[in-house]
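Remarks on the structure that follows.
Start at 1 and go down the list; that is how both ligands and their atoms are numbered.
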Amino acid sequence: MASPTVILLLPLALGWLSSSVTTHVYDGSNSVFLVERRRSLPKGFIFATSTAAYQVEGAWNASGKGENIWDQMVHTNPGFIADRSNGDTACNSYNLYKDDIKLIKDLGFRMYRFSISWSRVLPDGTTRQINEPGLKYYDDLINELISQGIEPMVTLYHWDLPVALQNMGGWLNRTIVDYFQDYADLIFARFGSKVKWWITINEPFSIETIWQGHNILKAHARAFRLYKAKYWHHGGKLSISLDSTAAFPKNSSNEEDVRSCERYMQFQLGWFAHPIFSTYGDYPAVMRDLIDNNSAREGRNFSRLPYFTVKEIEQIRGTFDFFALNHYSSRMCTNGKRGQSPSWSRDMEVYAYFNASWPPSQSSWLKVVPEGFRKLLNWINFEYNEPEIFVTENGFSDYNVLDDQGRINYLKGYLSEMEKAIYEDGCNVTGYTVWSVLDNFEWRAGYTERFGLVHVDFESPLKTRTKKASAAFIKDYIEANSAWISTGS
Ligand code: BGC
């Protein structure tokens, strides 16, 4: 009888490409599990593009919309934004959404991920007052998408908290979990029959501290469980978009560096992913140990990393239908105590930095590292038991360039590494989303960093849209792949 190794390797040597199930095979000779990888791209793979309400809509006070924290901040503290700009009008997508949808369709995308502005539909964040014109705007947008054959993916919260809720403590106040549930309930009730893809919250890591993050995890779980109890018959899929860089050891043969990479991943992605996607739930053990110990050393009689009750751990664990990943760049890691004491980076004991050889973008935090994408997809695949992964953001920034070869290079590199993760490593990636279809208001960077496939002239009254070279690139890429997407071969 042939050895297990030969049985396993023979089909690969023959170039056998049809397996669609990942299986683990024990190779008795060297005590490792060899993995027979999935060899065909998933049928039905989805190409999407994305925006967020505050970044594109404008119409900041139209038709009964309440104020959100970004409206308030840009008006009271314009110096907070690099070019002292704001999102009052932004791309004016509130009025021009039909033009946006035409562009999205023309570029060949099958899905559009956008977010709902909480205070546009609930001016004070609560269901005490429902703003029907706000709901009508999203209803029109969704109807237009569907009539153009574009599937909507809706994010409930992309950073624009109603001011009234912020005044109550925002994500620090645990009653926000109830308010978020009420908001989700309203949106699921109104749009559940038309929208099948939902993201509860965008990138908790980018915006929140440990205590806010604790309530965010609970709010996400509440919305997920509400959907599964009350709206399951619509058959939608839900997740939370988590952002992560990939981590490379400073010296890959140095065990300390390899361990610091792992700590970095657990502190960054594991912080929110472990409670939801891991087998046992709760925060990653390494965060628990380091933060508990540091808190005790600081003389506190509680840990700075809050505890979930056993019931909460169970309520949060497993609240996903797929893994939604936002990814842009990478870091090098080595041991090091950086940052103020106490702080997230100090607790982590990692010095994370950019490799000087990585090409830049217009954003200081975004260096071009395509191989990091493959590494990260594999990390998630291994760490969380081979989940379905939908990439809900990936993109590149420049400034006012129409012939955007930098973006084309970025997309080429990252898409090719994603293909390797699918073809060669067996990661179950079922969708990929370009951030963003349009240049838009890039938070604190204002309009000084542009992520669009389509240029927007923010000086012009009509917010004129002009396709960049990358728009043609992505259209060709999607077209070239459309055969295998529809047939699976
Ligand atoms: C956010 C977007 C942002 C993009 C580029 C993502 O982290 O979700 O809102 O514009 O990164 O910075």
What residue and atom, counting heavy atoms only, is the protein's closest point to atom 4 (C) of ligand 1, and at what distance? Y328 OH, 3.4 Å
Any nitrogen or oxygen of W365, main chain or side chain, under 3.5 Å from a nitrogen or oxygen of ligand 1? no
Using the ring of each side chain (for Trp, its six-membered ring), is W443 parallel, tilted or perpendicular to H158, with breaks at 30° and 60°? parallel
Could you label the plane-to-plane angle of the Y231 and H234 rings as parallel, tilted or perpendicular, counting under 30° as parallel and over 60° as perpendicular? parallel
Parallel, tilted or perpendicular for H274 and Y384, by the 30°/60° rule? perpendicular
Close approach of E449 to ligand 1, heavy atoms, under 4.0 angstrom: no
With a cut-off of 4.0 Å, which atoms of ligand 1 are near a heavy atom of Q55? 2 (C), 3 (C), 9 (O), 10 (O)
Y97-F114 aromatic ring centre distance below 6.0 Å: no
Numbered in order shown, the ligand 1 atoms found under 4.0 Å of a heavy atom of H158 are 1 (C), 2 (C), 8 (O), 9 (O)
Sub-4.0 Å heavy-atom contact, N202 with ligand 1: yes
side-chain hydrogen bond (donor to acceptor under 3.5 Å, both in side chains) with S397: of S436, S364, S363, only one passes, and it is S363
Any nitrogen or oxygen of E393, main chain or side chain, under 3.5 Å from a nitrogen or oxygen of ligand 1? yes
Parallel, tilted or perpendicular, as decided by the 30° and 60° cut-offs, for the rings of F441 and W70: perpendicular
Under 30°, 30 to 60°, or over 60°: which ring-plane class applies to F354 and W358, parallel, tilted or perpendicular? perpendicular
Of the protein's non-hydrogen atoms, which lies at the shortest distance from atom 5 (C) of ligand 1, and what is that distance? E442 OE2, 3.2 Å
If you measure from each non-hydrogen atom of Y54 to ligand 1, which part falls under 4.0 Å: side chain, backbone, both or neither? neither
For the 3.5 Å polar cut-off, considering only N or O atoms, please tell me whether W443 and ligand 1 meet it. yes
